[in-house]
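Below, all heavy atoms of this structure are taken into account, side chains as well, without hydrogens, waters or symmetry copies.
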Amino acid sequence: MAANFRTCPQCSTRNRLDKEFCVKCGEPLEGIKAGDPAATLVGPGKPKKSKPGFFVRDAGDQGQSPLVPLAFVILTLGVAFAAWRTVQDATATTTTASPAAAPQVQPSVPVAVAVAMAPGVQAYTAGMAALRAGNFPEAVRWLRQAVAEANRADYRLGLAEALEKSGVTAEALAEYQSAASLDRGNVRYTAEWAKALNRAGRHTEAIRTYEMALRIDGENLANLREVANLQFKVNDFAGARPHLEKIVQLQPDDLVPKQTLARALEAVRDLEGAARQYRDILTAMPNADLTRALLSDNLIKQNRPDEALQLLDEGLRADANAAVLHREKGRILDRQGRNAEAVAAYREYVRLSPGATDIRAFIARIEQLSPSTEQ
């Protein structure tokens with residue numbers, strides 16, 4: 001059955017046989033065989049070979065290939081993207097202009113690019129520039145505009161920071177919360193909200209918000225440290241314990257969290273657990289005098305004074321000028337009624353630490369014990 005249409009070589013649209021030009025693109029259909037795809041027949045019914053990128057429309061006449069418009073589109077998009085970047089770079093330099101004088105899209109930028117730009121980008125960029133420059137009222141104005149144009153978490157976070165630095169604490173906290181609510185899977189927004197609550201002195205709420213952040217990312221060391229420090233501040237040692245244990249697990253070579261964990265364990269009366277942490281520190285750092293003193297005190301609480309004295313003597317053999325060890329040894333000897341030995345230890349502490357805040361108390365104690373040693 002003979003075909004009753006001719007295919008346009010330019011856009012592949014099927015046209016009725018009586019059409020002289022393509023109904024879609026206007027390409028001439030003269031010489032196009034019915035049902036023939038793109039090539040035009042010339043001469044006695046044989047398709048003529050054409051140069052790459054062109055097709056033959058009439059004898060000796062070359063037309064543009066469909067590949068050429070495609071290349072032109074790609075080139076146009078590249079130019080448009082470059083123009084968009086130009087606008088972005090220009091906007092980033094804006095610091096003090098008001099929203100009423102917002103940067104305008106340059107005439108050289110295609111209208112299609114201006115329409116495609118994300119809502120609020122220019123206002124947000126200008127607002128953050130003003131924020132970094134310390135112009136907080138200007139930053140608030142720009143960032144309010146950005147939030148009005150697009151309700152995004154990063155826009156609200158920027159506005160929250162600008163409001164907080166402007167002294168508008170209540171509204172700032174509401175914006176921090178809104179940012180966290182808009183992107184619940186991103187721990188950053190919840191953590192920033194918790195930090196803001198802490199700065200506002202709302203420690204209980206800050207702890208609760210940090211706990212929310214840790215439910216998103218339970219191994220975030222910064223958040224683990226922050227919440228543990230906060231819990232220490234409010235004497236919530238039981239609450240701090242699991243966070244400190246997690247930090248020690250994630251960073252076993254960091255000795256500071258071990259000592260903080262030991263203090264938390266002592267506070268909840270887990271003396272053996274605390275002693276293990278202290279011993280781990282001393283194994284890694286035998287000259288950690290403060291840790292040795294804390295462990296000796298821990299052993300006294302466990303009613304193990306002989307072990308405590310032995311521990312202190314080990315440290316003093318390594319460093320006879322360790323003042324804190326002389327002080328702790330004097331305290332143990334004082335409790336045991338070994339006054340002469342206690343006075344000798346106290347005197348070494350006073351000699352080695354003349355500027356210590358508790359020196360007067362120990363001098364007084366030496367005077368109290370000295371008469372009994374002379375009898």
Taking the side chain as everything from C-beta on, heavy atoms only, tell me whether [X] gets closer than 4.5 Å to [Y].
X	Y	result
Asn198	Lys195	no
Leu163	Tyr176	no
Arg327	Asp358	yes
Asn287	Met285	yes
Arg208	Glu205	yes
Leu299	Pro305	no
Tyr124	Val147	no
Arg263	Gln277	no

Closest contact, heavy atoms only, [X] versus [Y]:
X	Y	answer
Ala342	Leu369	CB-CD1, 4.3 Å
Gln145	Ala123	NE2-CB, 3.8 Å
Ala191	Asn223	CB-OD1, 3.5 Å
Leu159	Leu143	N-CD1, 3.7 Å
Glu328	Ser296	CB-OG, 4.1 Å
Ala153	Asp183	CB-CB, 4.0 Å

Let's go through Glu314 and Arg292 carefully: what are the C-alpha distance in whole Å and the side-chain angles of both, what is the deciding distance for salt bridge (charged side-chain N to carboxylate O under 4.0 Å, His left out) to 0.1 Å, and is it a yes or a no? CA-CA 10 Å; Glu314 286 175 2; Arg292 191 176 292 272; 3.7 Å; yes
Arg269 atom CZ, over 12 foreign heavy atoms within 6.0 Å: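 Not more than 12 within 6.0 Å, no.
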Heavy-atom neighbours of Arg14 CZ exceed 12 at 6.0 Å: no
Hydrophobic cluster identity match, [X] and [Y], side-chain contacts under 4.5 Å:
X	Y	result
Leu325	Leu333	yes
Leu352	Val324	no
Val343	Tyr349	yes
Leu224	Leu230	yes
Val121	Leu131	yes

For Leu250 and Leu221: C-alpha separation, side-chain torsions, deciding distance, then whether side-chain contact (heavy atoms from CB on, under 4.5 Å) applies. CA-CA 8 Å; Leu250 293 171; Leu221 283 167; 3.8 Å; yes
Sequence neighbours excluded, which residues qualify as salt bridge (Lys or Arg N to Asp or Glu O under 4.0 Å) partners of Glu149? none
Could you list the residues that satisfy salt bridge (Lys or Arg N to Asp or Glu O under 4.0 Å) with Arg360, not counting sequence neighbours?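 Not a single residue meets the salt bridge (Lys or Arg N to Asp or Glu O under 4.0 Å) criterion with Arg360.
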Please walk me through it: do Asp313 and Arg317 pass salt bridge (charged side-chain N to carboxylate O under 4.0 Å, His left out)? CA-CA 6 Å; Asp313 285 336; Arg317 281 194 294 272; 5.2 Å; no
Are Lys246 and Glu219 close enough, and set up right, to give a salt bridge (charged side-chain N to carboxylate O under 4.0 Å, His left out), and what steps lead you there? CA-CA 8 Å; Lys246 187 67 174 180; Glu219 297 189 353; 3.7 Å; yes
Sequence neighbours excluded, every pair satisfying ring-ring contact (aromatic ring centres under 6.0 Å, His included) that has a member inside residues 228-284: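 Only Phe232-Phe237 qualify under ring-ring contact (aromatic ring centres under 6.0 Å, His included).
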Salt bridge check, Asp254 against Lys258: does any charged N sit closer than 4.0 Å to a carboxylate O? no
Taking NZ, NE, NH1 and NH2 as the nitrogens, is one of them in Arg188 or Glu192 under 4.0 Å from a carboxylate oxygen of the other? no
Evaluate Thr291 against Gln259 for side chain to side chain donor-acceptor pair (under 3.5 Å), listing each step before the verdict. CA-CA 8 Å; Thr291 300; Gln259 187 147 303; 2.3 Å; yes
Option from Asp270, Asn298, Thr260 for which side chain to side chain contact (heavy atoms under 4.5 Å, CB included) with Leu265 holds: Asp270
Tyr189 and Asp154: side-chain donor and acceptor closer than 3.5 Å?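 No, because no side-chain N or O of Tyr189 sits under 3.5 Å from a partner of the opposite role on Asp154.
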For the [atom1] atom of [X] and the [atom2] atom of [Y], what is their distance to the nearest 0.5 Å?
X	Y	atom1	atom2	result
Asn339	Ile366	CG	CD1	12.0 Å
Ile332	Leu309	CD1	CG	4.5 Å
His326	Asp289	NE2	CG	10.0 Å
Leu312	Arg331	CG	CZ	11.0 Å
Arg215	Thr190	CZ	OG1	9.5 Å
Leu282	Leu295	CG	CG	6.0 Å

Please assess Arg304 against Ile300 for the test side-chain contact (heavy atoms from CB on, under 4.5 Å), listing each intermediate value before the final yes or no. CA-CA 5 Å; Arg304 295 155 65 180; Ile300 291 296; over 6 Å; no
So which of Arg156, Arg152, Arg144 actually passes salt bridge (charged side-chain N to carboxylate O under 4.0 Å, His left out) with Glu175? Arg156
Would Glu348 and Arg351 count as a salt bridge (charged side-chain N to carboxylate O under 4.0 Å, His left out) if you check the C-alpha gap in whole Å, the side-chain angles of each, and the deciding distance to 0.1 Å? CA-CA 5 Å; Glu348 280 299 290; Arg351 180 181 71 83; 2.8 Å; yes
Applying side-chain contact (heavy atoms from CB on, under 4.5 Å), run through Ile363 and Ile359 and close with a yes or a no. CA-CA 6 Å; Ile363 291 174; Ile359 283 297; 3.5 Å; yes
Quick one, Arg202 with Leu173, criterion side-chain contact (heavy atoms from CB on, under 4.5 Å). Give me CA distance, side-chain angles, the key distance, then yes/no. CA-CA 11 Å; Arg202 295 161 64 167; Leu173 291 175; 3.1 Å; yes
Under the side chain to side chain donor-acceptor pair (under 3.5 Å) criterion, do Asp334 and Tyr346 qualify, and how do the steps go? CA-CA 10 Å; Asp334 195 345; Tyr346 285 151; 3.0 Å; yes
